[in-house]
Amino acid sequence: LGSMSSISVAYGEDGPVFCGLSSDRSHIVTCFGADASVLYGAPPNIPFLGLTAGDGFVCGLLLDSRQPYCWGSNSYVKSGVPQPMIEGAKYSELSAGDNHLCALRAAADEIHGPNAATSLIDCWGYNMTATHVIDEAVSTISAGSVFNCGLFARNRTVFCWGDETVSGVVGLAPRDVRFQSIGAGGYHVCGVLENAQVLCWGRSLEMQQVAPASAIGDGDVNIVPMDAMVSVVGGRFHACGIRSLDHQVACWGFALRNSTSPPKGLKMYALVAGDYFTCGVPAETSLMPRCWGNSGAMALPMAVPPGICVPNACSHGYYNYENHDEVGNSKVCKPANSRLCLPCSAGCPEEWYESSPCNATADRVCQYDCSKCVTGECISFCLSQKQTKSRKLIPFQLRIFVAEIVFAIILLLSVSVIACLYARHKLRHCQCSNNESRLVKSTAYSFRKDNMRIQPDVEDLKIRRAQEFSYDELEQATGGFPEDSQVGKGSFSCVFKGILRDGTVVAVKRAIKASDMKKSSKEFHNELDLLSRLNHAHLLNLLGYCEDGSERLLVYEFMAHGSLYQHLHGKDPNLKKRLNWARRVTIAVQAARGIEYLHGYACPPVIHRDIKSSNILIDEDHNARVADFGLSILGPADSGTPLSELPAGTLGYLDPEYYRLHYLTTKSDVYSFGVVLLEILSGRKAIDMQFEEGNIVEWAVPLIKAGDIFAILDPVLSPPSDLEALKKIASVACKCVRMRGKDRPLMDKVTTALEHALALLMGSPCVEQPILPTEVVLGSSRMHKVSQMSSNHSCSENELAEGEDQRIEYRAPSWITFPSVASSQRRKSSASEADIAGRTTTDGRNIGSSIGDGLRSLEEEIGPASPQENLYLQNNF
Ligand SMILES: Nc1ncnc2c1ncn2[C@@H]1O[C@H](COP(=O)(O)OP(=O)(O)OP(=O)(O)O)[C@@H](O)[C@H]1O
């Protein structure tokens, strides 16, 4: 009964059967109930635009062909596309009565469209099979048991046709009354008038007559309670509507004995009625329909869109439906540019006022205006408000007493907070208080450099918020998220290249539907929070975000050269070759600095939890940026304190200690970064089952320990003439992937070691040449030629080739703002447990003892920097 919707209720001997479309954009139908012919006749995997149902059957409007398709056991409405069917006919709406189906023709041209002079309505079934030519454009149709009604598009008046003897509805249709919408029931029709009041007519039982006949014409007129409604539906002898004010359901008319009532206190988006059974899509995140009536109350285990998707923008009086966070990541509607419009509440009643108007994305909100109260409801509401206020007017002495208590509590709290801050400060030398850390402000970056820590300024962070984008803006920027602008895909998102209106090239990360909605929503907010707070030259900057219904998108700076993973393991072998040793080690240094910032300089520290080569992105200046804070969590103030978190991360990079014991510290990131270092050295994936030893750690560490560095180096690159730098990196990698977190170095140690290795790599082959700032070009905002390198005869041919490769390198402007914490300072700042362990333990895992220079403690191993290295480091870091 009624009009087409995203849900339908069929009825018959076997009781009601509910069918609904999936809210996951698939538009696939699923049914629940006891009528096997409806349940099992439902076509799997065929998308529908909307549904309608009658006695023992359901019909859907096929999304692709726009033709009706029915299934079930009604002998008048056969399964399949109803016959006769005009070839190529397309329909915009369906409505089913007891034993018939009507469909409103939607011609591709304007002959029968909404602005047309005529409309065609085709009906099939008992006593109904005919084509009706209506002399005006019809906007919607709704079927009762043996009759149908429609609304004219132009003047919104109603017209009905069908079996008048049985229904008694057709002749009673009010003339010259304008409706926003109508809902036909068994033997009555209800409609929402232009002023949002509801008017019913017909001869259904128990329908109270309250409206003056003069207002609506002759006949047996029934009207609902006086509440303004946004929509109405009709059952066999009852009708239900969604109240405009609170979106709660109100039902009236006849109900069977022992029927359940509509849920109280539950807001609804949409309703549909069978004969004695009504269902609604609740305005809550689950979107799981609730039903009530003769078969008891039930919640159906599927999420259903709260209406029909339309191709056009929502017209005036409608707002674009937004999903709630937990509902899903993808849009409800297919195709992507269609949308779901819900009716705005129709104004506020007399004694109410509008506290916020209906806009493009949200309905209007009304509140009681206590100065205009007339009804008891309003008066009692305002009285209760008053009482609440007057209760606040407590005697003066009592107020003083309370104030004293409050003061004492505040004092106590302040002392505790100061004590905690002090303890925390002592524990981790991390100064979070504003007083201690007045930060150097700049528009793009805000860091404080003191002898130990650099922290984001709290005030600055309050101001520096990521920009909020509308979905349309981002859809436009990416050209509608087509496949060819997709630059990557993760477990929870697809990444698209886009261009904002101001010409900025961006990467738009669009969350995809995850099986665990809460998780993906949590990740979205984690990432948003973290990225808004963090700012570093080697972290991927968040430019903005968008949260629109079920859509969640993050907008990042576009990284022109993709991910380190793509370079090392992508399909293009040239990419890998082009990533010569100097670039690889530079990337390692830069990524290490980003992670070091997370661990050491952000306050409180941040544990990334998903360090891997696909999360190290490379910008157009070939600088590395650590990305994807989806799994990050703020670490304990004392970064050595473990957090008991359920393991999350990527196989192959996951710290075994964290995985097995759920023991999470910053050292878990150190492990993952060690794996990345091994990837960089070997060009192998973290897990690659094409090799006998598929796990990179299990494969590489024994070889490095045995001093066979050659065996692990990426065969696509010629090894540098002096392997010292790579040996140092291999040694650092081995330390990073030690089994016990406490045996691994801290990130600042790792960074320092890598910086030295880089300096060695850049300097040692050309030791005769002094390395000048303009020559070693990593980090210059201008282009510099490494003329010396190309003319240096002591460099090998291979190195020369690699050197040529890196002659033109840039430094992103953000480099300039990177705090130049000298390696020596860093060294002082963290005497890692690993280093201490490295010097003292005789454990077999302390590989330092087994391979000579290979894996001694980092301090010993790095040794003092050579003058060239120092010069290089001073000028470049
Ligand atoms: N800002 C960006 N600029 C250019 N490409 C990007 C950007 N961000 C991500 N990508 C590309 O998209 C891919 C997917 O990124 P995403 O962060 O969604 O997933 P992931 O980290 O690779 O995997 P997972 O989500 O499973 O951890 C990246 O590997 C990278 O190739």
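Reckoned from all heavy atoms, side chains included, excluding hydrogens, waters and symmetry mates. Numbering of ligands and ligand atoms starts at 1, following listing order.
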Region of Ala507 that comes within reach of ligand 1 [heavy atoms, distance under 4.0 Å]: side chain
Can you tell which part of Gln566 has a heavy atom less than 4.0 Å from ligand 1: side chain, backbone, both or neither? side chain
When you compare the side chains of Ser470 and Asp472, does any donor N or O come within less than 3.5 Å of an acceptor on the partner? no
Could you tell me if His569 and Glu679 have a donor-acceptor pair between their side chains, going purely by distance under 3.5 Å? yes
Quick check on contacts: which atoms of ligand 1 are under 4.0 angstrom from a heavy atom of [X]?
X: Ser614; answer: 22 (O), 28 (C), 29 (O)
X: Lys612; answer: 21 (O), 23 (O), 24 (P), 26 (O), 27 (O)
X: Asp610; answer: 27 (O)
X: Lys489; answer: 13 (C), 14 (C)
X: Val495; answer: 6 (C), 7 (C), 8 (N), 9 (C), 10 (N), 12 (O), 14 (C), 15 (O), 18 (O)

Using a 4.5 Å cut-off on heavy atoms from C-beta on, say whether the side chain of Trp581 contacts that of Leu681. yes
Gap separating the CG atom of Leu539 from the CG atom of Leu617, nearest 0.5 angstrom: 11.0 Å
Polar proximity ligand 1 side, Met559 side, N/O cut 3.5 Å exclusive: yes
Is Asn615 close to ligand 1, meaning an N/O of one under 3.5 Å from an N/O of the other? yes
Would you please name every residue forming a side-chain contact (heavy atoms from CB on, under 4.5 Å) with Met288, sequence neighbours left out? Ser286
Partners of Glu693 by side-chain contact (heavy atoms from CB on, under 4.5 Å), sequence neighbours excluded? Asn695, Glu698, Trp699
Of the listed options (Glu557, Arg625, Lys509), which comes nearest to atom 17 (O) of ligand 1 when hydrogens are ignored and any heavy atom counts? Lys509
Face-on cation placement of Lys497 at Phe558 ring, 6.0 Å and 45° thresholds: yes
Going by side chain to side chain donor-acceptor pair (under 3.5 Å), Asp714 matches just one of Arg584, Lys577, Arg684. Which one? Arg584
Is Phe558 near ligand 1, meaning one of its heavy atoms is under 4.0 Å from it? yes
